[in-house]
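Note sheet for the following structure.
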Amino acid sequence: MINVENLHKSFGQLEVLKGVSNHINEKEVVVVIGPSGSGKSTFLRCLNGLETPTKGKIEIAGIELTHSKTKLHELRKNVGMVFQQFNLFKHLTIMDNITIGPRKVLKRSKEESEALARELLKKVGLSGKEESYPDELSGGQQQRVAIARALAMKPKVMLFDEPTSALDPEMVGEVLQVMKDLAREGMTMVVVTHEMGFAREVGDRVIFMDGGYIVEEGTPEEIFTAAKEERTKNFLSKIL
Amino acid sequence: MDVILEGLKLTIEFSIVTIILEVIFGLIFALMRLSKLSVLRGISTVYVEIFRSTPLLVQLFFIVLGLPAVLPVNDWFGQTTYPLVAAAVTIGLNEGAYVTEIIRAGILGVDRGQKEAAQSIGMTGFQTMRYIILPQAFKRMIPPLVNQAAQTIKDTSLLAPVGVIEMVYMAQTVISATYKAFQIWTVVAILYFIIIFTVSKVAAYLERRFQVDKR
């Protein structure tokens, strides 16, 4: 589903990704962990072209992202993204936030898009909030709307960039629950997070990144109980 | 008095046309200013700097009265139409330079995450601007744009010296016939005050409505 080869990314003099390669299968849930500045968010943002790689190759669902002729906006229809800061469209109602993609990008009818939006709102537990504006919702609710907005495009892959890091502790659970449901339905997911419980429970594979490299990867079991690398053990001992 | 009111009508008509022009110019040059292409950015910067760094009155003399001396513009547009078109375009370009900066600041003021979110659902650059960035930027731009509109109405008084007929021109005509300078200029000042005061009040109302409906 996703194939990454020798990915490099620099911001000016600073090299954030120093050659990352990985393959992510369909329906796989991959959790990326690592200290701040390890390059994990940059890696994720490269996957939908929000950052342009300096070097290397990314292929998603058979389309080469790093090919100069690839239209990024075409590719992004297949790749949903959920941000740390939710980034809901502040000037639009919840309904419009979810339907604007299907309507303007996929050119679906208003009726069809709204029916889909209602279905998705029900799924994330927010029926009845259609006419609210983002500012009227709590952080956890906004993040669930953001997930619904991404799902409305019927993506093949969902990327989560620290989706619970900006939330009050009591709201983390509701967002993780939606993500777990999604994983169970067989969505291909790449999740950057500090929620080790989620990684353990839902992840098929855990990738540990540090200093711009993938240091170690394996099943949650392998990483959390039998990490081989010193850096991984060190990180986990601080965080668990 | 009728003559002054006739002038007032021309002033208002002229202001409406120029305000529309300046917003169009402002939008075009602001988008150029924010473009990825350095050529477009350059053109826009040069435009803004030229029009902000020379007096409007000089620009009016230059384009309305100066250009016909070297180019057959009167033949292209007609003897009577050229000064009107040129005057409208000149004021539009001049105020447009300020509007460019207002729109640019408004667009840059929208949180970066909004653009990224729009891109992440597959919107093109144009769609992102049209549906996500501009509607949010517009709200912050209302107060400075209204100021600019008020400025435009005042600046149309500079048309009299280049021979375009509006309220000030009419007032001068009446004064030269009646010698009632004090009374006439009082009336003119009051009329300007009424239009501009009304414009700001309507805008303040619009701004409040926007806040309530679309938080």
Side-chain angles (χ1 to χ4, degrees), chain A residues 41 44-45 47-52 71-93 96-107 113 131-137 142 145-155 157-161 166, chain B residues 23 27 30-31 34-41 102-146 203-215:
Chain A
S41 279
L44 195 75
R45 290 165 58 85
L47 293 183
N48 77 341
L50 283 180
E51 303 292 351
T52 314
K71 292 210 167 72
L72 281 178
H73 60 92
E74 291 293 331
L75 178 122
R76 288 184 183 126
K77 292 177 192 169
N78 294 325
V79 185
M81 175 109 177
V82 175
F83 300 87
Q84 186 176 350
Q85 301 295 340
F86 333 132
N87 296 345
L88 291 181
F89 304 131
K90 292 189 197 319
H91 63 304
L92 299 178
T93 61
D96 290 340
N97 260 280
I98 302 175
T99 54
I100 194 162
R103 290 181 61 189
K104 303 300 178 190
V105 178
L106 302 177
K107 314 283 179 203
S113 312
E131 299 314 314
S132 302
Y133 282 89
D135 286 351
E136 297 164 359
L137 303 186
Q142 289 193 47
V145 172
I147 294 173
R149 173 179 69 183
L151 290 176
M153 298 298 291
K154 302 218 160 91
V157 182
M158 283 283 283
L159 308 176
F160 295 85
D161 188 6
Chain B
V23 170
L27 188 58
L31 291 175
L34 295 168
S35 153
K36 278 183 215 143
L37 298 173
S38 57
V39 185
L40 294 183
R41 281 204 308 272
I102 292 171
I103 295 181
R104 185 177 84 104
I107 290 175
L108 290 178
V110 176
D111 178 37
R112 217 192 128 68
Q114 297 286 309
K115 181 181 169 190
E116 292 189 346
Q119 290 177 330
S120 78
I121 55 171
M123 285 197 182
T124 60
F126 177 80
Q127 288 171 327
T128 303
M129 257 311 155
R130 161 82 180 74
Y131 298 115
I132 306 301
I133 308 292
L134 284 181
Q136 295 188 54
F138 184 67
K139 230 172 61 184
R140 342 168 140 251
M141 295 181 319
I142 296 175
L145 280 180
V146 172
Y205 168 75
L206 283 180
E207 202 186 327
R208 273 200 308 275
R209 271 210 47 174
F210 253 105
Q211 301 288 350
V212 178
D213 287 357
K214 305 210 163 172
R215 348 160 101 244

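Letters A, B, ... mirror the listed sequences (proteins, then strands); counts begin at 1. As a basis for the values below, the full set of heavy atoms in this structure was taken, side chains included, without hydrogen atoms, waters or symmetry mates. Predicted model, so just to flag it, every value in this text is computed and none were measured.
Residue A:Met81 touches chain B through both its backbone and its side chain, counting heavy-atom pairs closer than 4.5 Å. In this structure, the portion of A:Leu88 lying under 4.5 Å from any heavy atom of chain B is its backbone and not its side chain. For B:Gln127, the part sitting under 4.5 Å from any heavy atom of chain A is the side chain, from C-beta outward, and nothing else. Contact annotation for A:Phe83: only side-chain heavy atoms (C-beta onward) come within less than 4.5 Å of a heavy atom of chain B.
Inter-residue side-chain proximity for B:Lys115 and A:Asn87 is flagged as unmet; no heavy-atom pair is nearer than 4.5 Å.
By a heavy-atom distance cut of under 4.5 Å, B:Ala117, B:Ala118, B:Gln119, B:Ser120, B:Ile121, B:Gly122, B:Met123, B:Thr124 are the residues of residues 117-124 of chain B near chain A, going up by number.
Here CD of A:Gln85 is found 8.0 Å from CG of B:Asp111. Values are rounded to the nearest 0.5 Å.
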* Asked: Going through the checks in order, is the side-chain contact (heavy atoms from CB on, under 4.5 Å) test met by B:Glu116 and A:Arg45?
  -> CA-CA 10 Å; B:Glu116 292 189 346; A:Arg45 290 165 58 85; 2.7 Å; yes

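Using a distance-only test at 3.5 Å, with no hydrogens or angles considered, a donor-acceptor pair links the side chain of A:His91 to the main chain of B:Tyr131.
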